[in-house]
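Down below is the structure, laid out as structure tokens.
What you are looking at is a predicted structure, and each value in this text was computed from that prediction instead of being measured. Note: hydrogens, waters and symmetry copies are ignored here, and every other heavy atom, side chains too, is used. Within every chain, numbering begins at 1; the chains are lettered A, B, ... in the order of the sequence lines, protein sequences first and strands thereafter.
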There are 2 protein chains.
Amino acid sequence: MGSKSTAKRADALRSIDAIVQAAAECLGRNPEASLSEIARAAGVGRVTLYAHFASRAEVVDAAMSRAIDRGNEALDAVDLTGDPLVALARYIEVGWHLVDQARALLAAAQRELPAGRIRELHSGPAARVEGIIARGRAEQVFRTDLPIAWLVNVLHSVMHSAADEIRAGRLTSGRAADHITATVLAAFTPPGKPVPEPGAGE
Amino acid sequence: MGSKSTAKRADALRSIDAIVQAAAECLGRNPEASLSEIARAAGVGRVTLYAHFASRAEVVDAAMSRAIDRGNEALDAVDLTGDPLVALARYIEVGWHLVDQARALLAAAQRELPAGRIRELHSGPAARVEGIIARGRAEQVFRTDLPIAWLVNVLHSVMHSAADEIRAGRLTSGRAADHITATVLAAFTPPGKPVPEPGAGE
DNA sequence: CATAACTCATACAGGTGTGTTCAGGTTAGA
DNA sequence: TCTAACCTGAACACACCTGTATGAGTTATG
């Protein structure tokens, strides 16, 4: 679109990349990390950072976008077709890890970015889950008495919950996926139908 | 313990109360509200605030404690004995509202107070839920293949999720309790057993 | 009513963060 | 090679928060 004016020089692109990467790391550790801190971690001067990003919000947005892109790439490698129960289990296996890693980064984004932007960034992963749920509903293995948006939110909410539990030392990361899957699968089961046994997914 | 030195004067107690109340309101709107803002809202000079609270953390702690106390009082009026399914539904009916109101206040507490203190403050409500779940397990209506601590967390996680959905305009507060109950009841159902129909609780 | 407790406005000290400016050194790229 | 883009540290302006000190006024309470 607007790339006509002047192509960025190679070293500029390298700086920008280093900044975004450092931002993802710093904000991932501490959502309140300052721009000075991020610039230092990126190995560039603070002024250089301001040469490429007009405000703190822009840096956070770029870091968050990067994390989402990485997540989408990881999910591209997962087969989410076929049995909705299996697809959901596979999504959780990969997705909870991503949620766990981007935890603090999300916290930063929620403080710095408007709510609409956050949802926009999540539209990619959200669409996948919606697809799985819709298919599960059509096959009558997932409940239809609650809105899809709600079910999507429940899934992500439980994944976040697992991340908190791990940090509190009450859950080991090895069992996280199992717990999430067992919980969500039951939560998604239509009223009157039996909850799927855990043995089926293994 | 140390109340021997000098009994506080009536106006001092009034000021303290006004500050705690204002803190709950301000932090409820914005977790980053400054002490100046809180003092102003309380109708008190900033210096007066410092005369009663040594640090920001103390103010947040007091506000959070107050909110928890209110919550415990509200829960005291609820009959949580008898059928675990009914008890859980009743807990959600009241508890969801409390979570929704104290949402931002909790965010402030999580930033200002050590994690141990937060859990300590929540021990009251947590014990109630644990009681209900333990009873449900004994009666074989709740699953035993996941730790109680995890189930407690799932419940609160879903309640928080509902609060977020309402703020995003995707859920009306009237239906929140129903959605939460339907979701959590299914999530708590033992594998192999049918999930309870929504008609049963009404 | 008299005194100790309380409140208040003002002001100061110290800290942190954001965003901008400037002048001089470095590097990519034609 | 030569120029424009880039990077840099230092410094500045501004805003905001925390916490403390002071001195004078107000009020509860014995």
Side-chain angles (χ1 to χ4, degrees), chain A residues 2-23 25-27 29-63 104-105 107-114, chain B residues 2-23 25-27 29-63 104-105 107-114:
Chain A
S3 64
K4 195 195 290 183
S5 54
T6 326
K8 297 239 178 196
R9 247 171 55 177
D11 53 353
L13 293 175
R14 222 179 308 135
S15 287
I16 292 175
D17 207 67
I19 291 168
V20 176
Q21 186 172 335
E25 284 170 15
C26 290
L27 296 172
R29 275 195 304 273
N30 169 24
E32 304 181 47
S34 70
L35 293 188
S36 319
E37 206 174 326
I38 292 172
R40 206 182 321 125
V44 302
R46 198 169 67 91
V47 184
T48 301
L49 189 152
Y50 276 102
H52 297 298
F53 300 91
S55 70
R56 175 184 177 80
E58 278 193 17
V59 177
V60 174
D61 192 305
L105 182 53
Q110 279 170 335
R111 250 184 278 182
E112 234 79 42
L113 271 35
Chain B
S3 65
K4 195 195 290 182
S5 53
T6 325
K8 298 239 178 195
R9 245 171 58 178
D11 54 352
L13 294 176
R14 221 179 309 137
S15 288
I16 292 175
D17 206 66
I19 291 169
V20 176
Q21 185 171 337
E25 283 169 17
C26 290
L27 296 173
R29 273 195 304 272
N30 168 24
E32 306 181 45
S34 70
L35 294 188
S36 319
E37 206 174 326
I38 293 172
R40 206 181 323 124
V44 172
R46 198 169 65 92
V47 183
T48 301
L49 189 154
Y50 276 103
H52 297 297
F53 300 91
S55 71
R56 176 184 177 79
E58 278 192 17
V59 177
V60 174
D61 192 305
L105 183 53
Q110 280 169 335
R111 251 184 280 182
E112 235 79 42
L113 272 34

Looking at every strand, decide which applies to A:Thr48 at a 4.0 Å heavy-atom threshold: base, sugar-phosphate, or nothing. base
Base, sugar-phosphate, or nothing for B:Arg46, non-hydrogen atoms under 4.0 angstrom?
-> base
Output for pair (B:Glu112 CD, B:Leu27 CG), nearest 0.5 Å, gives 8.5 Å
Test item: [X] and [Y] side chains (from C-beta on) under 4.5 Å apart, heavy atoms:
{"X": "B:Val59", "Y": "B:Val20", "result": "no"}
{"X": "A:Arg40", "Y": "A:Arg46", "result": "no"}
{"X": "B:Phe53", "Y": "B:Leu35", "result": "no"}
{"X": "B:Gln21", "Y": "B:Asp17", "result": "yes"}
{"X": "B:His52", "Y": "B:Lys8", "result": "yes"}

Per-nucleotide protein contact along nucleotides 22-30 of chain D, 5' to 3', at a 4.0 Å heavy-atom cut-off (B base, S sugar-phosphate only, - neither), is -----BSS-
What's the [atom1]-[atom2] distance between [X] and [N], to the nearest Å?
{"X": "B:Tyr50", "N": "C:dC6", "atom1": "OH", "atom2": "P", "value": "19 Å"}
{"X": "A:Arg40", "N": "D:dA10", "atom1": "CZ", "atom2": "P", "value": "13 Å"}
{"X": "B:Leu35", "N": "D:dT18", "atom1": "CG", "atom2": "P", "value": "4 Å"}
{"X": "B:Asn30", "N": "D:dC17", "atom1": "CG", "atom2": "P", "value": "10 Å"}
{"X": "A:Phe53", "N": "C:dT20", "atom1": "CZ", "atom2": "P", "value": "15 Å"}
{"X": "B:Glu32", "N": "D:dT18", "atom1": "CD", "atom2": "C1'", "value": "15 Å"}
{"X": "B:Leu49", "N": "D:dA21", "atom1": "CG", "atom2": "P", "value": "17 Å"}

Against the side chain of A:Arg56, the closest entry in C:dT7, D:dC6, C:dT18 is C:dT18
Closest of D:dC7, C:dG19, D:dT18 to the A:Ser55 side chain is C:dG19
Judged by nearest nucleotide, the residue sitting upstream toward the 5' end of DNA chain D, B:Ser36 or A:Gly43, is A:Gly43
Margin query: OP1 or OP2 of C:dT7 versus the side-chain N and O atoms of B:His52: is any pair under 4.0 Å?
Written below: yes
Original post:
Hey, is the side chain of A:Ser15 poking within less than 4.0 Å of OP1 or OP2 on D:dC6, counting only N and O atoms?
Top reply: no
B:Glu58 side-chain N/O to B:Ala54 backbone N/O, donor-acceptor pair under 3.5 Å:
yes
